[in-house]
Amino acid sequence: LISRMKYLICLLFIVPNLVSAATPTELKLFANHLAEFRGLGSSFVKTVKCESNFNFLAVGKAGERNAPQYMPLTWLRHQKMLGYEGLSLADPFAPLAVMAAAWDEFPETKREWSCYKA
């Protein structure tokens with residue numbers, strides 16, 4: 001009975017954390033895929049690298065979050081512009097996807113990142 005409880009605890013609390021963790025390598029691959037898929041060029045990947053070095057746990061001095069270093073209000077505004085409301089800024093991949101979509105559909109948003117260089 002004790003070993004079953006340990007197994008259930010492992011399934012409920014430890015495994016989901018391992019599955020949801022994203023490495024910088026995975027995020028870099030995802031950013032490269034998004035850049036290629038949306039035709040954004042290397043500036044997209046270089047900007048994310050500069051902002052956080054692909055660390056989705058990064059938090060900036062002014063409150064920026066995730067690998068793209070989204071300010072919470074900018075995150076909400078971009079979701080609304082794109083029709084993607086309800087996504088979590090804590091998700092490792094969603095902010096990169098929203099950033100790529102914003103850059104593709106609203107190119108003027110590129111200037112909102114301090115690391116962006118044309």
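No hydrogens, no waters, no symmetry mates; every other heavy atom, side chains included, goes into these values. Throughout, residue positions are numbered sequentially from 1 according to the sequence presented.
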Working to the nearest 0.5 angstrom, can you tell me the gap between [X] [atom1] and [Y] [atom2]?
{"X": "N66", "Y": "L57", "atom1": "CG", "atom2": "CG", "result": "8.0 Å"}
{"X": "S42", "Y": "K117", "atom1": "OG", "atom2": "NZ", "result": "12.0 Å"}
{"X": "K49", "Y": "E51", "atom1": "NZ", "atom2": "CD", "result": "12.5 Å"}
{"X": "L29", "Y": "L34", "atom1": "CG", "atom2": "CG", "result": "11.0 Å"}
{"X": "N32", "Y": "L96", "atom1": "CG", "atom2": "CG", "result": "10.5 Å"}

| task | Would you mind telling me which of H78, R77, R65 makes a side chain to side chain donor-acceptor pair (under 3.5 Å) with Y70? | result | H78

Any heavy-atom pair between the side chains of [Y] and [X] that's under 4.5 Å?
{"X": "P92", "Y": "L27", "answer": "yes"}
{"X": "L89", "Y": "P95", "answer": "yes"}
{"X": "F54", "Y": "T25", "answer": "no"}
{"X": "R38", "Y": "W103", "answer": "no"}

Do you know the tightest heavy-atom contact between [X] and [Y]?
{"X": "A97", "Y": "F30", "value": "N-CE2, 4.2 Å"}
{"X": "S52", "Y": "A58", "value": "CB-CB, 3.8 Å"}
{"X": "E64", "Y": "K61", "value": "OE1-N, 3.3 Å"}
{"X": "T47", "Y": "M99", "value": "CG2-CE, 3.9 Å"}
{"X": "V45", "Y": "A35", "value": "CG2-CB, 4.1 Å"}

Check for me, please, whether [X] and [Y] land in the same ILVMFWY cluster - side-chain distances under 4.5 Å, paths through other members count.
{"X": "W113", "Y": "M81", "answer": "yes"}
{"X": "Y84", "Y": "L40", "answer": "yes"}
{"X": "F56", "Y": "M71", "answer": "no"}
{"X": "F44", "Y": "F37", "answer": "no"}

Counting only heavy atoms not in [X], do more than 12 sit closer than 6.0 Å to its [atom1] atom?
{"X": "F106", "atom1": "CZ", "answer": "yes"}
{"X": "E105", "atom1": "CD", "answer": "yes"}
{"X": "K46", "atom1": "NZ", "answer": "no"}

| Between Q79 (side chain) and G86 (backbone), is there a donor-acceptor pair under 3.5 Å? | yes

